[in-house]
Amino acid sequence: MSFFEVLCGNLVSVGLDTIFFTCASILLFCNMPRKGRRHYAVIMGLLVLYVFLISLIATIFFEFGFFAWEHNGGEIIIEYIQIAGIFLLLRAAYGKSHGTCLAAAIFLELLREFGWNLADIFTPNKFYYLEIWEERMEYLFQEWVLTPCCFLLVLLYLYKTKVGEVFWQWEEYKRKRFFLFFMSFCPVLSQIFQEWMERSEKDVGYNPAAAFVFFLVLYIIFLFVGQKEMQRKRIEEQEVSLRQQEAYIRNLEELQKEVRRFRHDFKNMMSGMYLQAKEGDAGAIQEYIQEMTEDFDVQVGSQIRIMNQLANIRVTEVKGLFLEKMKVMQEEDVHCELEVLYPFEKTRMRTTDLCRALGILLDNAVEEVRGKDDGKLHVMISCRDGYTTFRVKNSLYSAVDFHRLGTSGYSTKGEDRGIGLENYKRILARYDKVLPLTTIQDGYFIQELKIQEG
Amino acid sequence: MLPVYICEDDASVLAMQREYLEKQILMEGYDMEIVLCSRHPEEIIEAVRKNPGRGVYFLDVELKGESMDGFALGQEIRKLDSRGFLVYVTAFSDLAFETFRYHLEALDYIVKGDQRRLWDGLKHCLKIITERMHKEKGEEREYFSLKVMDVVKHVPMDEIMFFETTGRTHRLELHAKNDRIDFIGSMSELEETLGDKFLRVHRAYLVNVGQIAELDLKHREICMKNGETCIFSKNMKSKLLSL
C-alpha cells in the first residue's frame, strides 16, 4: 500500500474519531463552544489541522513499523499525542482551566478506546493483513462502519447518564489533581492490564474484554466520585433549605407576638382616647392618633414591611437565603432594608449559583457595617423588562484598593481573606448573560449583579 | 424657565399641591412655571411630547383607575426627557425608592399622608433642583455613557483608566476610579467612538492616555494614576514614549 493510500484511509478514520470527540465534548461540557463566527472558524480550522496532523503521524508510524513495537508502544504514543491534541483543542474551544481540559481530553480518549474495543468484540479476528483485499475490506468495514456505530452507542450512553451534570460536579471536586495523575497513566495501565490478563490466560490472542473491564472500572470510579459530590451537595442544600424554613416560621411567630403586644397597647390607648373624646379635646386626640400610627410603624410596621418585600421574592431558595441572612443581621444588630418592587419569579441563573453569589455579596456588606452605629445596608431586587438586577449597597468605612478587589487573597479585612469575591467572579464567569458591576458612590459601596433573562 | 408637571389622581390633593407650589415659586423667585396639572398620565406624556425639554415632574405613584402607574409614567417621561427631575409623591412610607432611583434616576420621594411633611418635601425639592441647576452650569465635565443591559451608566471621562477584554467574547470590563463595570461591546467600536484620548496599547487594553502615571519599559507595563497596571505590546513602545 502506498503512503498516500494509508494517509487517505487514516484521514477518514481520524475524521470519524474527531466527530465523535466533538459530540462527546459537547455532551461533557453541556454546551457549544463560545459564540462568534470567527471563533467557530478558528475551531473548524483547528479541527481540520488536528485531523490532518494525527493522520500524518499515524501514517508515518505505520510506514516505519512503529505499530509493531512490543507492548503496543506505537499505539500508546499515538494515544498520548491524541490526548495532547484534544487538550489543546478543548482549551481553544472552551477556554476552561488546564486541569479540566486535560481531564476531559483523557476521558475522551478513553471513551474512544472504549468504543473501539466494543467494536472489537464483534470482530474477534484481530490481525488483518491489509495487503489482502478481503481482509482490508473487512478491516475498513470495522473501522468505518462498526466503530462509528459503537461510538454512537457510547454517545447515547453518555447522553442518558447525563454525563455533563456529573462532569460539572467533578470539576469542583477537590482532590482532582490526584485523580488526574492517575488518569493520565490510563493508556499505559490499560496495556499492562491487558498483557497481564493475556498471560494469565496463557492465550496469545488479543483480549478486548480486558480493556473493556478496565475502562468500566474507571468509568465507575468517575461516576462514583461525581455522584458522591452531587449527593453531598444535595444534602447540604436540603439542610440549608430546612434552616431557612425554620427561620421563616420563627419570623412569623415573632411577628405574631408583636401583634399581640400591640393589640394590648392599642386597647389602653383606645380607652385613653375615649376619655379625651368625652372631654371634647380634639388636639389631644390628634396627637394620640399620630402617636399610635408611629408606634405601629416602629413595632409591627417594620417587620411587616420586610415580610411584604420578602413575599415578592418567589424563588424559594433566594427567599430562604434572605431570611437566613436577615436573621443573622438582626442578631448582630445590623439594620438592613430590602426592596423588591416587582415579584422576582424566576431566573436563568442556576439558583444554587445565584444563592452563592448573593451570599458572598451580603456577607461582605454585613462585615463592613457590623458594629457601626450609622451603618446602612440596602438590598434591591428589581425585575423589569426581561432583566433582573440585584443591588447590594452598604456604607463604606475602610478604604478599598479598587483595582485589587476580587484578586486572590486581597481583602480590606486582613490576610487570608478576599476569597469571597474571587469565588464570586468565578461563579459568574460560567454565564454569558450575567454581568457584575462595582461602584463607590457618595460613601457607599455598591455591588450589582445583572442578569439578562430573555 | 423650567416647566413643572403634576400628575395626581386625587383632585383635592392635586389642587393643594398646585397652590402650594405656585406660592413657593413666586415667593422664592424660582425660574419655574407650572404648565400642567392632570389626573391622567397620558395627558402628561402628550404635553411633554409636544414640548420637549427638561422639566420637573411631581408624580403620584398609585394612579387609581389609570392605564399606568407612576413607575411606568416615569419610564415614558424618561424616554422623552432624559435629564428632567422626577419627584414621586406617595401615600406609602415604605415605597421602594431605591428601585425608582435606580431605574428612573428619580430625585426624591415625598410622603403625602401628613400635610406638613408634604409641604416640607415639596419645598425641599424645589430648592435642590435649583441648586443642582446652578451647579451644572459651572461644570463642564465630560461623561462616558454606557448601556449595561437595561440601565445607562454615566462615568466621568477623567475617571476612566482603561478598558480590558475578558475571557468571554464581546465582554469588556471598564476600569475607572470608582467603578468596575462589565459590559457587552466591541473594543474596536469603542476605540472609534472614544477617539484620540484613548490608545489601544495592547490587543486586550484600551487606555486613557491622560491617566497614565508611568511606564515600566522593562516589564512592558503601564501604571495608571490609581495604581492599576496593564501591559502594552512591543510595537506601541515608541508611540507611548512620544506622548
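All chains are named by letter (A, B, ...) in the order of the sequence lines, taking the proteins before the strands, and each is independently numbered beginning at 1. Predicted model, so just to flag it, every value in this text is computed and none were measured.
A/T439 is listed as a side-chain neighbour of B/D179, based on a closest heavy-atom distance under 4.5 Å. The side-chain heavy atoms of B/E98 and A/E337, taken from C-beta on, include no pair separated by under 4.5 Å. You'll find the side chain of B/K177 stays beyond 4.5 Å of the side chain of A/I440, heavy atoms only. At a threshold of 4.5 Å between non-hydrogen side-chain atoms, the residues B/M149 and A/L435 count as touching. Side chains of B/F100 and A/L341 form a contact here, defined as non-hydrogen atoms less than 4.5 Å apart. In this structure, the side chains of A/Q441 and B/N178 stay at 4.5 Å or more apart for every pair of heavy atoms.
Between chain B and the residues A/P436, A/G386, A/A429, the most heavy-atom pairs under 4.5 angstrom are made by A/P436. Put simply, of B/M224, B/M161, B/E173, B/K153, the one with the most heavy-atom pairs under 4.5 Å next to chain A is B/K153. Comparing B/V151, B/I184, B/T99 by heavy-atom pairs within less than 4.5 Å of chain A, the highest count is held by B/T99. Taking A/I381, A/L428, A/I451, A/I446 one by one and counting their heavy-atom pairs under 4.5 Å with chain B, the maximum is reached by A/I451.
Summarising the local packing, NE2 of B/H154 is surrounded by more than 12 heavy atoms from other residues, nucleotides or ligands at distances under 6.0 Å. Counted within 6.0 Å of CZ on B/R141, heavy atoms from surrounding residues, nucleotides or ligands total more than 12; the atom is thus considered enclosed. Within 6.0 Å of the CZ atom in B/R132, the count of heavy atoms belonging to other residues, nucleotides or ligands does not exceed 12. Within a 6.0 Å radius of CD in B/E192, no more than 12 heavy atoms belonging to other residues, nucleotides or ligands are found. Within 6.0 Å of NZ on A/K346 lie no more than 12 heavy atoms contributed by other residues, nucleotides or ligands.
The two atoms that bring B/R171 and A/D432 nearest to each other are NH1-O, 3.3 Å, heavy atoms only. When all heavy atoms of B/V148 and A/K450 are compared, the pair lying nearest together is O-CE, 3.5 Å. Between A/Y342 and B/D69 the shortest heavy-atom distance is OH-OD2, 3.5 Å.
Rounded to the nearest 0.5 Å, atoms CG (B/D182) and NZ (A/K425) are 7.0 Å apart. Note: B/D150 CG to A/S382 OG = 7.0 Å, rounded to the nearest 0.5 Å.
A/V379 does not touch chain B: none of its heavy atoms, backbone or side chain, sits under 4.5 Å away. Neither the backbone nor the side chain of B/V155 has a heavy atom closer than 4.5 Å to any heavy atom of chain A. Using a 4.5 Å cut-off between heavy atoms, A/R391 touches chain B through its side chain atoms alone.
For A/H378, the side chain to side chain donor-acceptor pair (under 3.5 Å) partners at least two apart in sequence or on another chain are A/E339.
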